[in-house]
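Working notes, structure below.
We count ligands from 1, going down the list as the structure has it; atoms in each ligand are counted the same way. Side-chain atoms are counted along with the backbone in the values below, which use heavy atoms only and exclude waters and symmetry mates. All values derive from a computational prediction rather than experimental measurement.
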Amino acid sequence: MSYPYQIKSAEEYQAAYHKSITDPEGYWAAVASSFLWRKRWDSVLEWNFNTPEIKWFNGAHLNITENCLDRHLGSLGNKPAIIWEPNDPEEHHRIITYRDLHHKVGQFANVLKNNGVSKGDRVCLYMGMVPELAIAVLACARIGAIHSVIFGGFSAQSIADRLQDAQAHTVITCDGAYRGNKQIPLKSVIDDALVQCPFVTKVIVLTRTHTPVSMIKGRDLWWEDEIRKVETLGIHDCPAQVMEAEDPLFILYTSGSTGKPKGVVHSCAGYMVYTTYSFVNVFQYQPGDIFFCTADIGWITGHSYILYGPLSAGATTLMFEGIPTWPDAGRFWQIIDKYKVNTLYTAPTAIRSLMSYGLGPVHAHNLSSLKVLGSVGEPINEEAWQWLHQNIGKGNCPIVDTWWQTETGGILISNMAGVTPSRPSYATLPLPGVDPILVDENGQEILGNDVSGNLCIRHPWPSIIRTTYGDHERCRTNYFATYPGLYFTGDGCYRDQNGNYRITGRVDDVLNVSGHRIGTAEVENAINMHSGVIESAVVGYPHDIKGQGIYAYVVYSSSHGDENLSRQDIIQTVSRIIGAIAKPDKIQFVTGLPKTRSGKIMRRILRKIAENEPNSIGDTSTLLDPSVIDEILKNRI
Ligand code: WT7
């Protein structure tokens with residue numbers, strides 16, 4: 001593979017950026033020319049942010065899996081596409097070449113077809129980080145089914161909500177998943193979810209942990225049996241379904257400031273072009289490099305930079321089933337040593353957690369293969385940046401701080417490794433095609449440098465969100481209505497003297513806990529389901545490892561019982577309703593919440609208390625009962 005669109009110097013970056021802003025259509029048409037199309041586009045871009053309606057490469061026909069698989073068979077057929085490292089270092093790893101992967105995707109695509117799945121159907125995947133998850137995702141794309149991967153840490157209720165929203169009739173899961181020394185009974189969680197989803201007619205179950213599961217006749221099928229069936233039928237390759245550029249590729253649910261998680265929809269052509277383009281440029285991928293992204297495929301990072309971006313670029317992508325701290329805190333470093341990894345793309349929360357184990361686990365392994373380091377998910381603090389730079393990169397690996405979102409599909413603001421300069425805690429500069437703008441509360445553009453504001457983007461890039469599944473209006477109001485004519489990110493941002501961007505965090509009621517997005521309203525709803533709870537308010541506070549922790553203020557009905565037991569109960573409830581990732585770190589029982597006369601909870605005040613900044617609480621005169629503040633302050637945890 002060669003990448004004619006790969007930018008190799010700061011001057012080339014400047015030129016590409018200039019071209020992409022003055023002639024976006026020309027710029028992206030040239031990039032798109034190096035992909036495999038069944039039919040070329042009629043127009044490069046049609047767009048209207050007010051409705052919103054965005055069409056990239058309209059009229060083109062393609063299948064993303066032909067770009068990720070078929071086009072590599074000639075020159076890269078025997079090259080590893082996926083290296084899979086199991087949870088347990090004692091278990092054998094797997095190397096799947098492009099040829100193997102093509103074969104396996106075809107096989108499973110035929111299984112899906114055999115089970116009645118066709119173009120446009122939604123298929124939900126709830127699996128651990130096993131190669132079959134990658135295979136199943138690509139098999140869906142092969143036949144034009146819309147995949148919706150649900151992270152393995154979500155609860156039965158969260159799964160049911162997503163299945164209902166997507167109206168998915170097919171679910172693919174595993175008997176269980178390994179995570180460190182734990183086993184997660186995935187199939188049994190699915191069984192609980194499906195009680196609320198009678199429309200699900202097929203559940204395909206992969207054997208992983210050999211945990212006993214119950215299989216419902218007519219509904220539940222073993223993955224291995226289904227593969228054998230298509231083999232016996234003698235069906236081999238599965239021709240790729242020809243897709244329209246704007247046909248949906250997948251749905252991925254993500255939290256917002258209100259209501260239930262929304263299904264972010266990405267479409268085929270633009271997503272393919274942009275994830276590949278950004279992968280090649282930000283990480284400066286060179287043929288033969290081994291790329292290790294530590295995310296889970298249940299999140300957008302895994303979709304874009306474990307699967308689609310790397311595979312479309314013909315890269316070798318490393319997929320790791322386990323966790324950074326098991327069997328010991330040297331697991332990442334051992335994997336890097338074992339496979340001679342060239343690029344490590346990980347999250348600040350993982351770095352901070354590994355920092356706490358000292359340098360012993362780092363020094364036990366040879367990290368000299370590393371060329372590039374990447375960070376994603378939350379602002380990387382200076383201390384973590386320096387630690388990564390010095391101890392992992394040994395002072396000579398550029399660090400890319402990549403800012404983006406589920407909705408943006410790919411990286412929008414980042415330095416390019418070794419090409420444009422890095423600066424600790426700065427995502428730095430926009431990629432070509434990305435036109436950031438800072439606005440004030442009223443939507444007025446904030447011009448000049450050394451300024452802060454709300455981060456918006458002015459012009460569509462190819463992998464921008466197309467809709468929120470089943471509710472286009474929600475997409476409009478969430479992202480395109482706050483500041484008419486602009487895509488609103490929900491992030492606050494500072495632009496320095498030289499035009500470098502530094503993301504300062506969410507400006508809405510969304511938390512970022514260990515790089516995972518969690519809506520405060522969602523956690524409150526879960527807490528309120530506990531029978532003893534009258535009402536609650538949830539805010540974030542700075543947390544050494546997680547970035548943000550979850551602080552819950554709870555008005556509780558039965559004040560007699562043991563407070564700690566009640567806390568445990570509430571935490572259990574949140575785990576059951578959302579999943580363990582949303583568990584509050586701190587719960588403070590209060591007799592009342594600070595509210596305005598109209599009944600609105602003043603979160604600003606609660607945030608200041610949780611952040612331990614009581615002096616900046618500010619004006620409380622509009623409160624219905626200012627005395628609640630004193631009580632809350634007195635009992636702060
Ligand atoms: C939010 C998006 C994009 C993949 C992972 C998270 C925060 C993400 C950075 C960064 C500062 C970052 C933002 C953003 N964020 N990357 N490099 N620096 N903040 O995806 O769950 O959609 O969350 O994560 O607040 O809005 P997500």
Side-chain angles (χ1 to χ4, degrees), residues 149-151 153-154 251-257 261-266 271 274-275 278-279 282-283 293-309 345-352 373-382 384-385 388 399-415 422-431 434 436 454-457 461 463-465 468 478-479 482 487-494 500-520 522 540 546-548 581-582:
V149 184
I150 301 178
F151 173 63
F154 280 116
I251 306 172
L252 189 57
Y253 284 85
T254 191
S255 297
S257 48
K262 43 191 180 271
V264 172
V265 176
H266 284 288
Y271 178 81
Y274 196 80
T275 52
S278 51
F279 170 73
V282 170
F283 302 104
C293 167
T294 69
D296 190 289
I297 292 176
W299 310 109
I300 190 70
T301 309
H303 282 59
S304 301
Y305 300 111
I306 295 178
L307 295 181
Y308 287 115
Y345 188 29
T346 192
T349 185
I351 302 297
R352 288 191 300 263
L373 302 168
S375 166
V376 61
E378 55 172 310
I380 179 164
N381 48 309
E382 177 113 26
W385 195 100
L388 187 63
I399 297 178
V400 289
D401 179 351
T402 65
W403 174 84
W404 57 298
Q405 310 178 297
T406 304
E407 295 85 346
T408 71
I411 298 164
L412 294 197
I413 304 182
S414 175
N415 52 314
S422 64
R423 174 161 172 205
S425 82
Y426 280 73
T428 73
L429 298 172
L431 263 64
V434 177
N454 292 341
L455 177 63
C456 295
I457 317 282
W461 60 97
S463 60
I464 187 174
I465 180 176
T468 41
N478 254 284
Y479 307 106
T482 318
Y487 167 82
F488 177 44
T489 65
D491 279 322
C493 185
Y494 167 72
N500 286 305
Y501 290 89
R502 176 185 207 210
I503 312 299
T504 47
R506 302 288 306 196
V507 294
D508 50 11
D509 288 321
V510 171
L511 307 180
N512 189 331
V513 180
S514 301
H516 301 318
R517 208 203 287 195
I518 297 169
T520 50
E522 236 183 300
K546 299 180 178 184
Q548 267 190 316
I581 53 172

Measure centre to centre between the rings of [X] and [Y], then say whether the value is under 6.0 Å.
X	Y	value
Phe488	Tyr479	no
Tyr501	Tyr494	no
Tyr426	Trp385	no

Please work out whether the ring planes of Tyr271 and His266 are parallel, tilted or perpendicular, with thresholds of 30° and 60°. tilted
Anything with a heavy atom under 4.0 Å from ligand 1 counts, so go ahead and list those protein residues by chain and number. Ile300, Thr301, Val376, Gly377, Glu378, Pro379, Asp401, Thr402, Trp403, Trp404, Gln405, Thr406, Asp491, Ile503, Arg506, Asn512, Arg517
Pick from Asn454, Ile503, Ile413: which one makes a side chain to side chain contact (heavy atoms under 4.5 Å, CB included) with Asp491? Ile503
Trace of the salt bridge (charged side-chain N to carboxylate O under 4.0 Å, His left out) decision for Glu407 with Arg517: CA-CA 12 Å; Glu407 295 85 346; Arg517 208 203 287 195; 2.7 Å; yes
